[in-house]
Structure formats: C-alpha cells, structure tokens
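Working notes, beginning with the structure itself.
Counting from 1, the numbers follow the sequence of the chain as shown. Remember, it's 1-based here, ligands and their atoms both numbered in the order they're listed. Not measured: the values here are computed from a predicted model.
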Amino acid sequence: MRIAVFSTRPYDQRFFEAANEQYGHDITFLEARLDASTVSLASDHDAICGFVNDQIDANIVDLLDEQGVRMITLRSAGFNNVDLEAAAARHITVARVPAYSPYAVAEHTVALMLATQRRLGRAYNRVRDGNFALDGLLGFDLRNKRIGIVGTGQIGQIVARIMRGFGCSLRAYDPFPNDNVRDVGVRYVDLDTLFSDCDVITLHAPLTPDTHHMIDEAALAKMRPGVMIINTSRGALIDTPAVIEGLKSGHVGHLGLDVYEEEADLFFEDLSDRVIQDDVFSRLLTFPNVFITAHQAFFTEEALTNIAETTLGNAAMFERGERSGNELTPEEVRGDR
Ligand code: NAD
C-alpha cells in the first residue's frame, strides 16, 4: 500500500522502516505537517499517516478524498484532530493505535509529579553549576497523599497501580467506572469531590467537548490550596490562563505538563534559535513550580515499536479488506463507553 507519512522525524522513519520489513508497504516519509498547503503531497497514495498535530478537518478530508486517499492511519491513540464525520461521509477509513504503551505515558506522568515537586530541573542545573545549596528545593512525600485520577482508561489505571506503590490514597472520576480499578484500591467519586479532596490531580481523559477546559477558573476554585495538577492527556483539558492565575496567587502549588493547548506551533520542533511568540506559554516557563515536557510521554522504544507495527498493520488489514478493530467510526465513538 502506498502510504504518505506526515510530520515525520528521523525516529519515526527508523521505527517505521523496521516494522515495514514484515508488511512491504511503499512509504513516503514527509517532514511537512499535514495542512491545506501540504495535502497535495498525498496524491498518488492510498493512505496517509498522521500524528497528533496534523489537523485533519473536514476541508483536509475533502482534499484527501479528491486525491484518492482511502485510509487515514493515525500513529496516535488520541483522535481529536480528525473530523470522523467528514471521513465517514467520504468513505475514508480512519484507524488509530489504541494502546501502544500506556506504561510509557503513565510512567512519564509519575516522572512529572516527582520532577515538579522535587524541583528536579532546578536541582540538575544547580549541581552542574557547582551550587549544592538546597534552599528552594523543598518537596513533600507522596506517601499518604490523595491522588485524583480523571479518566481511568488504560493510562489512568496504570497510574493508579504505580501510585498505590507509592503508598498514596487513590480517588478517581470516570463516567464509566471500572471494577478492575476499584480492585487496585481506587474509590470513584464525583468530579467536584475529586477536585476538593485531592492533593494531586492527574488528567487522563480524552479531549472531547465535555472535557474541553475541564480545569477552568471554577474547577480551580474547588481545589485545595497548593494543589498539584498534572496533564499528560491533551492540552485543551486545561484553560491555561486560568491556571496561570492560580499559579500567580499560589493556589496552584505545582503544575506538570506534557501537553499544551497551543502546542501545534511549538512542540516537536527545534525553536531554540527563535523568539517564542506564544506569551501564555512563555509565562508558564517563568514559574519555578512548573515543569513542562514537549509531548514526549509516549516516546519510548517499546511505544514507538508498537506504534509503527500497529499503524502499518492497520493499513495491511485495510488493504486485505479486513477489519483490525482499531477503526474509528462516528457511531462507535459516540457510543464509546
Ligand atoms: P482510554 O480511552 O483507555 O481512557 C480514557 C478514559 O477517559 C476512559 O475510561 C473514559 O471513560 C474516560 N473519560 C471519558 N470522558 C471522560 C470525562 N468527561 N471525565 C473523565 N473521564 C472521562 O485512553 P488512554 O489510552 O488511557 O489515553 C488517555 C488520553 O491520553 C488519550 O485520550 C490521549 O489524549 C492521551 N495520550 C497522551 C499521550 C502523550 O504522549 N502525552 C500518549 C497517549 C495518549
């Protein structure tokens, strides 16, 4: 199958080429992000492969359809960037990688918890600078702290298991509670109770109209002073200016982010030679109690291997007229648990 892979970095190519030895697809690796100005690069391809910041809206879907593209095979779990209704209307199959390594993301979530409150970025720079003073590095024990997990799907569940090992008390909110999660010792509560009762709130719900800006001024007002907020899900779960106000007042004690609402203009690029134009993001960088990584939670050997194998496997099954089970239809997504 001829597949145009957009937003490719050298590491994508490495893992895709290794996985393709078993599939033999004809792959074009493109550095360009998929948008109206680059969509013509998909001509002569049966499928395109997109990543999290490729905006595959109705207009792009129409243009893909006009070029004869029959499949969108996403190399991500999230699919909020694809207009599934438009794809279905054009009979374009959309598939994703539902689980490549939830461990990668869950473990990075815990890394952010530790990095923010133990001030690891500051400590690392200090020691390299010959400054061995501890002032300003005071943290707290996670043991006996109450962790609130928003969304107990694959990643949220693993976070629960890891945090149980830390000796934390676990609360969760999910519109679809799961008995396996209760068995780990998690108590499901409503969202307001989770906000008001937890020392750490970690977000693992997908981005949907319901979850968009779920952490806003009103939600923050319900939280404990000094609360730690961690987001490795999608940036738009958080109303960033509202959280900045919380950080300025001291109400938000720690913020750990792997995702940011406007990340498409920043993440996955080396901008170290340029002036960052996003004032909200720049403000976030000024806080000593904020730790940000650039959407790297998924970025492990194991995850990239699984992503490449599943993405290309989805395409191979589509080519054979079979279903992989990883397809996304508007009906399935609307009725999704
Ligand atoms: P999942 O589908 O297994 O779990 C999501 C859970 O959220 C489900 O249990 C669902 O019922 C729940 N949910 C839905 N609406 C909710 C709401 N309004 N409030 C609370 N919970 C709600 O997904 P997953 O594999 O655990 O991934 C979670 C998210 O993590 C993905 O949607 C994706 O956006 C993000 N993600 C980020 C990275 C990264 O590198 N940072 C990598 C993979 C996934």
Side-chain angles (χ1 to χ4, degrees), residues 7 9 11-12 50-54 74-82 84 96-113 148-162 171-182 184 186 188-195 198 201-216 219 229-238 256-261 263-264 266-268 291-304 306-307 310-311 325-326 328 332-337:
S7 299
R9 295 292 173 272
Y11 47 81
D12 294 308
F51 195 47
V52 292
N53 291 328
D54 291 311
L74 298 171
R75 58 184 190 281
S76 61
F79 50 87
N80 50 284
N81 51 330
V82 183
L84 294 179
R96 65 166 174 157
V97 185
Y100 39 85
S101 173
Y103 299 96
V105 184
E107 289 170 13
H108 192 77
T109 301
V110 180
L112 285 178
M113 287 180 197
I149 301 167
V150 180
T152 51
Q154 307 199 60
I155 296 168
Q157 285 183 44
I158 297 166
V159 170
R161 286 176 208 280
I162 297 173
R171 302 283 180 275
Y173 169 73
D174 193 306
F176 303 94
N178 177 335
D179 283 341
N180 294 332
V181 177
R182 286 196 180 95
V184 181
V186 173
Y188 280 103
V189 293
D190 62 55
L191 197 54
D192 282 355
T193 306
L194 184 146
F195 287 157
C198 291
I201 294 170
T202 182
L203 305 177
H204 304 289
L207 175 59
T208 65
D210 278 350
T211 60
H212 182 263
H213 285 187
M214 70 190 306
I215 306 298
D216 59 6
I229 300 170
I230 304 290
N231 188 9
T232 58
S233 186
R234 284 291 179 267
L237 263 54
I238 291 183
L257 300 179
D258 186 53
V259 287
Y260 169 62
E261 184 164 10
E263 69 177 50
L266 298 169
F267 289 4
F268 308 121
F291 199 100
I292 304 177
T293 53
H295 210 138
Q296 72 171 81
F298 72 98
F299 199 59
T300 65
E301 290 270 345
E302 293 78 359
L304 290 195
N306 290 338
I307 286 172
T310 307
T311 305
N326 297 330
L328 294 161
E332 280 165 346
V333 169
R334 270 196 298 272
D336 190 17
R337 301 191 296 158

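The atoms of ligand 1 that sit less than 4.0 Å from any heavy atom of H295 are 39 (C), 40 (O), 41 (N). Close approach of ligand 1 to D258 (heavy-atom distance below 4.0 Å) involves ligand atoms 39 (C), 40 (O), 41 (N). Taking every non-hydrogen atom of V150 and a distance limit under 4.0 Å, the qualifying atoms of ligand 1 come out as 20 (C). Heavy-atom contacts of R234 reach the following atoms of ligand 1: 33 (C), 34 (O), 35 (C), 36 (N), 37 (C) (cutoff under 4.0 Å). Taking every heavy atom of V105 and a limit of under 4.0 angstrom, the matching atoms of ligand 1 come to 38 (C), 42 (C), 43 (C). Atoms of ligand 1 found under 4.0 Å from any heavy atom of G151 (numbered from 1 in listed order, with element): 7 (O), 20 (C), 21 (N). The ligand atoms of ligand 1 that sit less than 4.0 angstrom from a heavy atom of T211 are 17 (C), 18 (N).
Side-chain contact between V97 and N306: absent, with no pair of heavy atoms (C-beta onward) separated by less than 4.5 Å. In this structure, the side chains of H212 and R234 stay at 4.5 Å or more apart for every pair of heavy atoms.
For the side chain to side chain contact (heavy atoms under 4.5 Å, CB included) test with R171, the passing option among I201, T193, V189 is V189; the others fail.
When non-hydrogen atoms are compared, ligand 1 lies under 4.0 Å from neither the backbone nor the side chain of L191. Under 4.0 Å from ligand 1, heavy atoms of Q154 appear from its side chain as well as its backbone.
Atom 7 (O) of ligand 1 has its nearest heavy-atom neighbour, among P177, A106, P206, A172, in P206. The closest heavy-atom contact to atom 35 (C) of ligand 1, among the options A99, S233, A77, comes from S233. Checking F298, Y173, Y100, F176 against atom 43 (C) of ligand 1, the nearest heavy atom belongs to Y100. For atom 38 (C) of ligand 1, the candidate residues are N231, L194, T232; the nearest heavy-atom contact is made by T232. For atom 24 (P) of ligand 1, the nearest non-hydrogen atom from the set V52, I155, I158, I149 belongs to I155.
Remark: distances from the non-hydrogen atoms of P175 to ligand 1 include one below 4.0 Å.
Side chains of E261 and H213: a donor-acceptor N/O pair is present below 3.5 angstrom, by distance only. With hydrogens and angles left out, the side-chain atoms of H295 and T293 include no donor and acceptor closer than 3.5 Å. With 3.5 Å as the limit, one finds a donor-acceptor pair spanning the side chains of T109 and T232.
Ring to ring, F51 and F298 are close: their centroids are under 6.0 angstrom apart.
In this structure a side-chain-to-backbone donor-acceptor pair under 3.5 Å is present from R96 to A77.
Listed here is the closest heavy atom pair of N178 and T152: ND2-O, 4.5 Å.
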Side chain to side chain contact (heavy atoms under 4.5 Å, CB included) evaluation trace for M214 with V150 = CA-CA 10 Å; M214 70 190 306; V150 180; 3.6 Å; yes
